Amino acid sequence: MSELLNGLNDKQKEAAMYVDGPLLILAGAGSGKTRTLTYKIAYLLEEGIVKPWEILAITFTNKAAKEMKTRVESLIGENGNDIWLGTFHSVCVRILKREINLIGYSTDFNIFDELDKEKVIKEVLKKLNIDDKVYPVSLIKYEISNAKDKMIDYVKYKNDAIGDFRKEKIAEVYELYQKTLKQNNALDFDDIIMLTVKIFLENPDRLNYYQNKFKYILVDEYQDTNKVQFILISLLSAAHGKICVVGDESQSIYGFRGADISNILNFEREYPNAKVVKLEENYRSTKNILNAANEVIKNNKSKIDKKLWTENDEGEKICYKTLPNEYEEVEFVVDKIDEICKKENKTYSDFAVLFRTNAQARVLEEVFMRNGTPYKLIGGLKFYSRKEIKDLTSYLKLIQNKDDNISLKRIINEPKRGIGDTALDRLDILATENNISIFELIQDSNNLIGIRSAGNIIMFRDMINELIALKDKIKISELMKEVLKKSGYEDMLNQEDSKESEMRFENLMEFIGVAMEFENETADATLADFLDSIALVSDVDKLDESSEAVTLMTMHSAKGLEFDDVFLVGMEDGLFPSKRSIDEVDGIEEERRLCYVGITRAKERLYITNASKRTLYGSTTYTMPSRFVDEISDDLLDEESQENKSLRKRKSEDYLDNEYSQVDSIISSNNFIPKSTSNKSSFGLSVDSFLKNISGVSSKPSYESKSFNNDYTVGMQVKHKKFGVGVIKKIEEEGEDFKLDIQFENFGFKRLMANFTPLEIIEK
DNA sequence: ACCGTCGCCATTTTT
DNA sequence: TGGCGACGGT
């Protein structure tokens, strides 16, 4: 036997070496799952059991795929590139690029993101004269996506809907939506998987080819696979059954997206000869943290019998703290981080703050910035959904795929070229009538007779044609620069000459930088490849562990990651577990699994916090601690936290009896605040400040307001009382304030808010 | 055609 | 709270 596997424990070794048939690895959090998978691939290759290109390995994120690839390479040498290693989506796109013409799409296809999708649905609703108040876009999006996850195309959906008026309506939308996508030669996320399966089902020879090609299949995070993904994997492994899936049902947190936990629970039923290996030793966390996780998850009914243990130390007790409001909650976090950093030899990247909803991110950002604590926020405002990035992408998508009407509509009048809605509507109708794309329609100037902006449309068309001619002659990054020049986008931003337009331009430059990086990494990089790659990246993929900053993200995004010290913030019933999950039995179980994921991210220390009063979505409420906190027994908490726990329990009851009703009665009995209209009183006082006046409680701490300060310029030398001398590298507008990126001589890079930071200007 | 303003609405998680 | 669409004025 090879020495290769010496780095594994017995169970891991057993899992790595079993390659004869279906294998289910039940891998608890922190049990060395990725390690086992990596070694398994290395073992397969080194033993000569399969060739690299005969391995199909599917991970949950691109980042995980990349990591695995490098690790395999460092274990066995240089041929990791030939392995088919990627997410379900990236692997399927790769297959579709070869096979999609079998189902009547062309290989130039574009991938539509959520925004494109919504646009199409809105258009369809309008065309079908369906009221989007009765059938909201969000609902339809969800219905279509759900159907596709279950392999239900619009024909079947329509059949199933007979007799149900509502469903019949939705079926109509689904049908036209799908036809529109096809006409645009575009796929949405769900199509990528569903159509791949469709090709296999309709073309046995193609299925056969890939069945023979992939002699060994591995799937990571198996608990998060949905029905179509299950079918895909089953089809591909049907011939030889050489399949290894790894997962942990306790970490299944994507049920809302169609992930089907029964895929993993019933694996042994699907594959009766399957071998099962349980990895139960945890290498990540202290005993206290692990016990807390175990205590929480044991309240779930549906789980496979499995208990994590560790030989690590007990570690510190868990800290549970309640703060008056969400601002002070985060201030506590920031102070704690500073305190630990000072005391111990830790860097900011050892910390993570995890939260349930993205809406919480705003306060986190505000307080971190004000305090000068470097942070990286994952998710939230996505780079690729910024207007300017979407615009440039739309140009590229149209250049790549002339049938993409959605992209064309987005940019035909961006920058403004005097082509308005009336003209566009006419083009749209005409194109639909002739069954061609809008871009094709405007190739013939005769089609534009009678349209006032015909001249402008012709100029637009010629410009795009020129860019199309350039497409294969120059590099992607060069093409992007050409687009910005020829389209007048660059001129538009220059003319605007505001802080905002400057920022937009910088974003575009950053985007071009991404393209350059792509060109360097990928041999023969085509525009299509680039567009696919940006459509399929997630925010976590871009997480840079090396940069010294605290990671702020949702618990969902945190899956698969680990940090020394973890803060779980906003642990309040209604927020976490979320209000909407509380009624559903399975809902609360999924939330509990999410909590389990959150807790098990921590290696050394775990902080759990909540605010007794929280303002979210514009309304302020008094909160109750999360039920998950109750599930952690007292002996795992430090003394102060135990007190807080019992106090808070009583206190929240008190709130309901006394304080809350008191405040409530003041509000309702007082004529200052008209209940029906808004939360502003006739004196312009918000409920917040009103409450502050009567009770001395405020949800936002008040800060001394300084005069509005935007005297700073890039390159200026400044002095901060804590960080000393530094140079301003970047200024970004942020509401009425400015973010300043400053490189300090002794304290490194910081991001500060101009209005909250006392800075002395040393030199201009 | 364009731009600004108003009011309504939802509001979990995302490959 | 804020994002988005509808509407109306220029």
Side-chain angles (χ1 to χ4, degrees), chain A residues 58-65 86-93 111 113-115 117-119 122 126 132-133 136-139 141-142 145 148-149 188-193 220-221 224-226 228-229 252-259 354-363 378-382 385 387 413-424 452-453 456 535-541 553-560 570 574-582 584 587 590-591 593-595 597-598 614-620 677-680 686-688 699-700 735:
Chain A
I58 294 172
T59 56
F60 199 67
T61 62
N62 294 296
K63 185 165 165 275
T87 62
F88 270 103
H89 296 271
S90 68
V91 165
C92 285
V93 165
I111 297 167
D113 64 17
E114 291 312 289
L115 245 93
K117 228 160 123 177
E118 279 169 26
K119 248 194 184 128
K122 273 177 202 158
K126 207 170 254 174
D132 65 354
K133 295 255 158 42
V137 174
S138 56
L139 170 92
K141 225 171 76 175
Y142 180 80
S145 184
K148 287 182 177 178
D149 281 351
D188 65 20
F189 266 106
D190 309 302
D191 283 338
I192 292 173
I193 320 268
D220 195 6
E221 307 283 10
D224 286 323
T225 50
N226 63 28
V228 221
Q229 292 168 338
S252 162
I253 53 173
Y254 286 100
F256 67 94
R257 204 168 84 185
L354 308 182
F355 44 87
R356 177 66 240 264
T357 74
N358 272 314
Q360 294 166 260
R362 180 156 298 157
V363 177
I378 309 298
L381 287 158
K382 281 187 205 112
S385 42
K387 187 186 181 309
N413 202 29
E414 192 67 54
K416 301 275 171 280
R417 304 187 171 85
I419 305 169
D421 291 343
T422 17
L424 208 48
R452 220 171 304 166
S453 46
N456 296 334
L536 298 176
V537 293
S538 71
D539 289 293
V540 188
D541 291 333
M553 61 181 159
T554 64
M555 298 198 206
H556 280 90
S557 310
K559 198 179 63 162
L575 185 60
F576 189 37
S578 87
K579 228 185 195 117
R580 297 170 80 140
S581 70
I582 286 175
E584 313 152 41
E590 178 146 320
E591 295 283 297
R593 291 192 290 266
L594 184 58
C595 183
V597 168
R614 178 176 299 272
T615 308
L616 203 65
Y617 303 121
S619 62
T620 304
T677 48
S678 75
N679 69 345
K680 295 262 165 125
S686 69
V687 172
D688 260 352
S699 66
K700 287 177 196 176

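Chain letters run A, B, ... following the sequence lines, proteins first, then strands; residues in each count from 1. Bear in mind the structure is a predicted one, so any value in this text is a computation, not a measurement.
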Note to self: If you compare every side-chain N and O of A:T554 against the phosphate oxygens of B:dT14 (OP1, OP2), does one of them come in below 4.0 Å?
What the structure shows: yes
Margin query: Has A:H89 got a side-chain atom pairing as donor or acceptor with A:I192's backbone, closer than 3.5 angstrom?
Written below: no
Check: When all nucleic acid strands are considered with a 4.0 Å heavy-atom cut-off, which category describes A:F60: base, sugar-phosphate, or nothing?
Finding: sugar-phosphate
Next item on the list: Determine yes or no for a side-chain-to-main-chain donor-acceptor pair under 3.5 angstrom, with A:N456 supplying the side chain and A:R417 the backbone.
Entry: yes
Notebook entry, point to check: Is A:D224 touching bases, backbone alone, or none of the nucleic acid, heavy atoms closer than 4.0 Å?
Noted result: nothing
Next item on the list: Grab the NZ-P distance between A:K122 and C:dG5 for me, whole Å please.
Entry: 4 Å
Next item on the list: Please name the residue in the list A:K117, A:K141, A:K148 that meets the side-chain hydrogen bond (donor to acceptor under 3.5 Å, both in side chains) test with A:D188.
Entry: A:K148
Next item on the list: In whole angstrom, give the distance that lies between atom CD1 of A:I378 and atom C1' of B:dT15.
Entry: 16 Å
Notebook entry, point to check: What nucleic acid atoms does A:K416 come within less than 4.0 Å of, heavy atoms only: base, sugar-phosphate, or nothing?
Noted result: sugar-phosphate
Notebook entry, point to check: What is the distance from CD of A:E114 to P of B:dT12, rounded to the nearest Å?
Noted result: 15 Å
Next item on the list: Grab the NZ-P distance between A:K148 and B:dT14 for me, whole Å please.
Entry: 21 Å
Checklist line | B:dT13 base / A:R257 side chain donor-acceptor hit below 3.5 Å | finding: no
Next item on the list: Please indicate yes or no: is the ring centre of A:F256 less than 5.5 Å from the centre of the six-membered base ring of B:dT13, with the two planes inclined by under 30 degrees?
Entry: yes
Margin query: From C-beta outward on A:R362, which listed nucleotide comes closest to its side chain: C:dG3, B:dT11, B:dT13?
Written below: C:dG3
Check: Got A:T422 and A:R452 here, is their nearest side-chain heavy-atom distance under 4.5 Å?
Finding: no
Margin query: Going by the rule side chain to side chain donor-acceptor pair (under 3.5 Å), which residues pair with A:R356 if we only count those two or more places apart in sequence or in a different chain?
Written below: A:E591
Checklist line | Short side-chain N/O contact from A:S557 to OP1 or OP2 of B:dT14, under 4.0 Å | finding: yes
Item checked: Residue closer to the 5' end of DNA chain B, A:N413 versus A:I253 (nearest nucleotide) -> A:N413
Note to self: Does a side-chain N or O of A:N358 approach OP1 or OP2 of B:dT13 to a distance below 4.0 Å, or not?
What the structure shows: yes
Margin query: With a 3.5 Å distance limit and no angle check, can you tell me whether A:Q229 reaches the backbone of A:F88 through a side-chain donor-acceptor pair?
Written below: no
Next item on the list: Mind calculating the distance between CG (A:N456) and P (B:dC2) to the nearest angstrom?
Entry: 9 Å
Notebook entry, point to check: Which whole-number value in Å describes the distance from A:D220 CG to B:dT15 P?
Noted result: 15 Å
Note to self: In this structure, how many angstroms lie between the P atom of B:dT12 and the CG atom of A:L616, rounded?
What the structure shows: 10 Å
Note to self: When the C1' atoms of C:dC4 and B:dT13 are compared, how many Å lie between them, rounded to an integer?
What the structure shows: 22 Å
Item checked: Phosphate-side-chain proximity, A:N226 and B:dT15, N/O vs OP1/OP2 below 4.0 Å -> no
Checklist line | Nearest-angstrom distance from the residue atom CZ of A:F88 to C1' of B:dT14 | finding: 16 Å
Check: When you match A:Q229 and A:A423 each to their closest nucleotide on DNA chain B, which lands nearer the 5' end?
Finding: A:A423
Check: How would you label the contact of A:T422 with the nucleic acid (heavy atoms, under 4.0 Å): base, sugar-phosphate, or nothing?
Finding: sugar-phosphate
Next item on the list: Write down the distance separating the C1' atoms in B:dT12 and C:dG5, rounded off to the nearest Å.
Entry: 24 Å
Notebook entry, point to check: Quick one: which of C:dG2, B:dT15, B:dT13 gets closest to the side chain of A:H89?
Noted result: B:dT15
